[in-house]
Number of protein chains: 2
Amino acid sequence: MKPPVIADVARVAGVSVPTVSRVLNGTVPVSAERRERVMAAVKKLGFRPNGAARSLASQAGSMIAVFAGNTTRYGYAATIQGIEEAARQAGYMVVISVVETADGATVERAIDHALGQPLAGAVVLEFDPPGVAALAQMPSWLPAVAAASGGSSDEAISHAYMDDRHAAIQATRYLLDLGHRTVHHVAIPSMGVESARMVGWREALRDAGIEPPPVIHAGWDPLAGYDAGVRLARDDGATAVLAGNDELAIGVMKGLVDSGRSIPGDVSVIGFDDHPLSQLWVPPLTTVRQDFVGLGHQVFGLLVGRMEAGEPRPSVRMVPDLVVRQSTGRPASR
Amino acid sequence: MKPPVIADVARVAGVSVPTVSRVLNGTVPVSAERRERVMAAVKKLGFRPNGAARSLASQAGSMIAVFAGNTTRYGYAATIQGIEEAARQAGYMVVISVVETADGATVERAIDHALGQPLAGAVVLEFDPPGVAALAQMPSWLPAVAAASGGSSDEAISHAYMDDRHAAIQATRYLLDLGHRTVHHVAIPSMGVESARMVGWREALRDAGIEPPPVIHAGWDPLAGYDAGVRLARDDGATAVLAGNDELAIGVMKGLVDSGRSIPGDVSVIGFDDHPLSQLWVPPLTTVRQDFVGLGHQVFGLLVGRMEAGEPRPSVRMVPDLVVRQSTGRPASR
DNA sequence: TCTCAGATGATCGACGCTTTCATAGCGTCA
DNA sequence: TGACGCTATGAAAGCGTCGATCATCTGAGA
């Protein structure tokens, strides 16, 4: 009832243990006849090399740890999927390590726990404060890279990032070009400093000679967006909103509509991420499309480079694009 | 620059290697004085036990593999989160193994790959055909449990499941009680046989003496729901729809509305899952709430029992509940 | 026929940790 | 006081695999 080991294979095939190992790893040539016998024995017994023993002996990990503050939100889940796809292709397994808060002890526990496994490398999802904290505490001997939105906090670590600052500038400009006097921002929780989305928004406004209105801070929950929408509805001058993500944008729209404003008639709304449901909303949401799965692929590629070369690779920048749908329009002329 | 090993700790603390091991694992009493010294040395060196070596020596895995057909969809992601939370609490790491198709080779590759790691057990998300296939090919020596929606395909394996059949009956009855003549069903991809949601729907109709209309098969994509909605709009007798999940329901609603039908005026729609955005839809979606995170907790508990006792535990049934919001109402009187 | 490569197969430690197993120390009781 | 039992500790033996080292067997060239 116990899994077969390499010695069993050797016995069945009538060869020595190292010969089996060589056949399996293909490092040294083995006669066709013996290889045949070994393969047959492997198949017959259903033999699987023991990963623990293998990584102990070869000193090489076989898994990639992904540190994430969350696994259910769209952007996170999609990025993790991208990493998983690329890792699977390259023969690695992905272990998930959720870092619930940026609290030192929590972060340390998560890292410690993960480090107990035979890791080949780590990817940190630097999308939120726990991510930033995890990156800061990552031991230097472990090859690590980061997936970020809008630049990384640690320039010494190579990262793949969405240029959200750029995207936010574009989105804000788009709204201004439509004729809006100003653009309000409903923000996702910040990463310690300011999110690139917020920075870009502010920059675009300043460039246009407009003093940015106060930021409305919301959480990740769409319901927080709803509250923000209700608040914005009270301000008659608020005709355009850039939301920190699509869930928030949807909440904002609902809050606005429930407060008697129409979209895009009275208020234009732009989101971030291109959530699968965004296009089905009424009205379909104008948003900034982010290729999270692609980000996952890219960041894994970076990690492979880091593991093989040892040297940090130059970072990869990904450019999100604005998808114009029907939640945005010219402001009502007054 | 290499991570410290147990021998380093022993040397620094002035004790033997096994003593360090005993302090760390707390299996055998060690004098307070030595324990003190060992702890100090561990802290000083930043020692982390090597997981590979540990599981090799103790013959016990330290991780839980989760086999899933997908990781981004709401129900999957939330269940995985529940498993991860419970596993983390119990000191296990979670490795994700995505099984993209039910194709034999694909499933085998995924399982083989995961089995290379030091696994303590496995959880299969039996939500779709890949899940069913993975469960079928799971080796018997590995403690495994399943998280299912509406009963498992393999009664020999203990599972936690959502009683979706029951929930579908309730939802369908609710619509009939409102006065609808019949209820249409837009189905998620089947699990080989029929989904419990579909079975319950059909059963409720038959119980009411109504011959079930043809099922409309859609994919997982909300856009498939849209097409279904457009089709349903052509049928004047279609006044009530039970959708396989909320994403589909949202697509269906959009398709109906774009085809000139109003909700719930002309057509009532019920979804499944209570997706976070469902309540923000216009109108807010009546749906069957599923506690996926709780399902994850439960199924992990089952796995722990299986790992400790060796014997399969009785299965756990979870009862989803109908959340009535504004997408359902009485049919227009004609 | 003998020697010397070249090609394969087998032997022998690691790898870092856990787990018997044996031993030294110490108190207890006859 | 000596035999006994108990506890804390150390020494040594694996756990399953890989890599380097050693042995052997083949065939070619002289």
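When reading the values below, keep in mind they use all heavy atoms of this one structure, side chains included, and skip hydrogens, waters and symmetry mates. Predicted model only: the values in this text are computed from it and were never measured.
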Next item on the list: Go through A:Val23 and A:Val15 one step at a time and tell me if the side-chain contact (heavy atoms from CB on, under 4.5 Å) criterion holds.
Entry: CA-CA 11 Å; A:Val23 170; A:Val15 299; over 6 Å; no
Check: Expressed in angstrom and rounded to an integer, what is the separation of A:Asp8 atom CG from D:dT17 atom P?
Finding: 9 Å
Checklist line | Value in whole Å for how far the P atom of D:dC15 lies from CG of B:Asn50 | finding: 18 Å
Check: Which part of the nucleic acid, if any, lies within contact of B:Val17, taking any heavy atom under 4.0 Å across all strands shown: a base, the sugar-phosphate backbone alone, or nothing?
Finding: base
Next item on the list: Would you name the heavy atoms of B:Ile157 and B:Ala146 that are closest together and state the gap between them?
Entry: CG2-N, 4.0 Å
Check: If every non-hydrogen atom of A:Asp112 is compared with every non-hydrogen atom of B:Arg48, which pair is closest and at what distance?
Finding: O-NH1, 3.1 Å
Checklist line | B:Ser58 side-chain N/O to C:dT19 phosphate OP1/OP2 under 4.0 Å | finding: no
Notebook entry, point to check: Base, sugar-phosphate alone, or nothing: which one does A:Val28 contact when heavy atoms must sit under 4.0 Å apart?
Noted result: nothing
Check: Quick one: which of C:dG9, C:dC17, D:dA8 gets closest to the side chain of B:Ala53?
Finding: C:dC17
Next item on the list: Grab the CG-P distance between B:Leu24 and C:dT19 for me, whole Å please.
Entry: 12 Å
Next item on the list: Could you tell me the separation between the CD atom of A:Glu33 and the C1' atom of C:dG9, rounded to a whole number of Å?
Entry: 12 Å
Next item on the list: For A:Pro18 and for B:Pro29, find the nucleotide of DNA chain D with the closest heavy atom, then tell me which residue's nucleotide is more 5'.
Entry: B:Pro29
Checklist line | Value in whole Å for how far the P atom of C:dT8 lies from CZ of A:Arg37 | finding: 15 Å
Note to self: With a 4.0 Å cutoff (strictly under), does any side-chain N or O of B:Arg34 reach OP1 or OP2 of D:dA8?
What the structure shows: no
Next item on the list: Would you name the heavy atoms of B:Phe67 and B:Ala134 that are closest together and state the gap between them?
Entry: CB-CB, 4.5 Å
Next item on the list: For A:Leu56 and C:dG13, give me the distance from atom CG to atom C1', rounded to whole Å.
Entry: 13 Å
Margin query: How many whole angstroms separate atom CD1 of B:Ile6 from atom P of D:dG14?
Written below: 19 Å
Check: Among C:dC17, C:dA10, D:dT17, which nucleotide sits nearest the side chain of B:Arg54?
Finding: C:dC17
Margin query: Please tell me whether B:Gln89 and B:Glu85 have a donor and an acceptor in their side chains that are separated by less than 3.5 angstrom.
Written below: no
Check: Can you tell which of D:dT9, D:dG10, D:dG16 lies closest to the side chain of B:Ser16?
Finding: D:dG10
Check: Which atom pair, heavy atoms only, marks the closest approach of A:Pro130 to A:Gly69?
Finding: CB-CA, 4.4 Å
Margin query: Measure CG/A:Leu119 against P/C:dG16 and give the value in whole Å, please.
Written below: 16 Å
Item checked: Out of D:dT9, D:dC18, D:dT17, whichever nucleotide has its closest atom nearest the side chain of A:Phe47 -> D:dT17
Notebook entry, point to check: For the side chain of A:Arg22 and the base of C:dA10, is some donor closer than 3.5 Å to an acceptor across the two?
Noted result: yes
Margin query: Whether A:Gln59 contacts D:dG19 is assessed here as follows: a side-chain N or O lying under 4.0 Å from the phosphate OP1 or OP2. Is that the case?
Written below: no
Next item on the list: Hey, which sits more toward the 5' end of DNA chain D by its nearest nucleotide, A:Val20 or B:Val15?
Entry: B:Val15
Note to self: Can you see if the side chain of A:Thr19 gets near the phosphate of C:dA10 - specifically, an N or O under 4.0 Å from OP1 or OP2?
What the structure shows: yes
